[in-house]
A.B. asks: 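Input: one structure, supplied below.
What you see is a predicted model, and the numbers here were worked out from it, not measured in a lab.
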Amino acid sequence: MECTRCGACCVAPDIAALDKPLGVRCPHLTADNLCSVYDRRPDVCRSYQADEVCRLIEAPTLEERVGKYLALFELTDEARTVREHGCSSMRKARRG
C-alpha cells in the first residue's frame with residue numbers, strides 16, 4: 001500500500017525516538033501533514049510502511065483518523081489522559 005500522507009501515524013502513536021506522547025501531534029508535522037525533518041527523521045519513522053491499519057482508519061479529517069487509530073488499539077482513554085494533563089513528552093506521560 002502506498003502512503004496517503006494522511007498524518008495519522010505522526011499523531012496517534014507514541015514515538016520514543018522523538019519523545020512524542022500518544023495522541024499528540026508530532027512537532028515536526030507540517031500543516032499539510034508532511035514531515036519537516038523528513039531527511040533527518042528517526043529510523044522508526046523511516047522504516048514505517050503504510051499497511052492495513054491505514055485502510056481501517058480512513059476518514060475525511062486527521063482528527064477522525066487519529067480517533068479511529070486510538071480506538072482500534074484501545075488507546076483512546078490513555079491518549080485523552082495524556083492530552084488533558086498537557087504532557088509534553090513521552091517520558092513524562094509514562095511516569096504519570
Side-chain angles (χ1 to χ4, degrees):
M1 174 177 181
E2 193 166 323
C3 177
T4 62
R5 295 184 174 107
C6 79
C9 62
C10 299
V11 179
D14 56 22
I15 303 173
L18 295 171
D19 196 27
K20 188 200 87 56
L22 179 71
V24 176
R25 185 181 184 90
C26 178
H28 304 294
L29 188 63
T30 64
D32 56 353
N33 294 333
L34 297 175
C35 180
S36 66
V37 295
Y38 187 81
D39 292 333
R40 301 182 324 275
R41 69 196 186 281
D43 287 339
V44 68
C45 300
R46 194 174 296 276
S47 64
Y48 178 78
Q49 297 291 315
D51 59 17
E52 186 61 25
V53 171
C54 300
R55 283 193 188 96
L56 293 172
I57 66 167
E58 283 182 298
T61 68
L62 178 57
E63 185 176 333
E64 289 173 285
R65 290 186 295 272
V66 170
K68 289 174 88 172
Y69 177 102
L70 295 170
L72 180 67
F73 293 101
E74 299 179 355
L75 295 167
T76 304
D77 291 339
E78 183 179 344
R80 183 180 310 113
T81 299
V82 168
R83 284 192 308 269
E84 286 174 359
H85 289 89
C87 193
S88 60
S89 81
M90 194 172 114
R91 284 187 284 274
K92 289 179 185 176
R94 294 291 179 218
R95 276 187 245 139

A.B. asks: Which heavy atom of P21 sits nearest a heavy atom of V82, and at what distance?
C.D. replies: CB-CG1, 3.6 Å
A.B. asks: SG/C54 to CD/Q49 distance, rounded to the nearest 0.5 angstrom?
C.D. replies: 10.0 Å
A.B. asks: Any donor and acceptor pair, going by atom type alone, linking the side chain of K68 with main-chain N or O of E58 inside 3.5 Å?
C.D. replies: yes
A.B. asks: Is the shortest distance from a Lys or Arg side-chain nitrogen in E52 or R55 to a carboxylate oxygen in the other one below 4.0 Å?
C.D. replies: yes
A.B. asks: What distance do L56 atom CG and L72 atom CG have between them, rounded to the nearest 0.5 Å?
C.D. replies: 6.0 Å
A.B. asks: Taking all non-hydrogen atoms of both residues into account, name the closest pair between A79 and L70 and its distance.
C.D. replies: CB-CD1, 3.6 Å
A.B. asks: Got a donor-acceptor contact below 3.5 angstrom from the E64 side chain to the T61 backbone?
C.D. replies: yes
A.B. asks: Can you tell me how far apart CZ (R83) and CD (E78) are? Round to the nearest 0.5 Å.
C.D. replies: 11.0 Å
A.B. asks: Would you mind writing out the side-chain donor-acceptor pairs for residues 29-37 within the sub-3.5 Å range, not counting sequence neighbours?
C.D. replies:
from: T30; atom 1: OG1; to: D32; atom 2: OD1; distance (Å): 2.3
from: T30; atom 1: OG1; to: L34; atom 2: N; distance (Å): 3.1
from: T30; atom 1: OG1; to: L34; atom 2: O; distance (Å): 3.0
from: N33; atom 1: ND2; to: C6; atom 2: O; distance (Å): 3.2
from: S36; atom 1: OG; to: H28; atom 2: O; distance (Å): 3.0

A.B. asks: Would you give the length of the straight line joining atom CZ of R41 to atom SG of C26, rounded to the nearest 0.5 angstrom?
C.D. replies: 12.0 Å
A.B. asks: Evaluate side-chain contact (heavy atoms from CB on, under 4.5 Å) for V11 paired with Y69, printing each intermediate quantity in order.
C.D. replies: CA-CA 10 Å; V11 179; Y69 177 102; over 6 Å; no
A.B. asks: Show your working on side-chain contact (heavy atoms from CB on, under 4.5 Å) between L18 and V44 and close with a plain yes or no.
C.D. replies: CA-CA 10 Å; L18 295 171; V44 68; over 6 Å; no
A.B. asks: Are Y48 and I15 co-members of a hydrophobic cluster defined by side-chain heavy atoms under 4.5 Å apart?
C.D. replies: no
A.B. asks: Is any side-chain heavy atom of L62 less than 4.5 Å from a side-chain heavy atom of R25?
C.D. replies: yes
A.B. asks: Which pair of heavy atoms, one from R65 and one from A59, lies closest together, and at what distance?
C.D. replies: NH1-O, 2.9 Å
A.B. asks: Can a donor-acceptor pair be found, under 3.5 Å and without considering hydrogens, that links the side chain of R46 to the backbone of D43?
C.D. replies: no
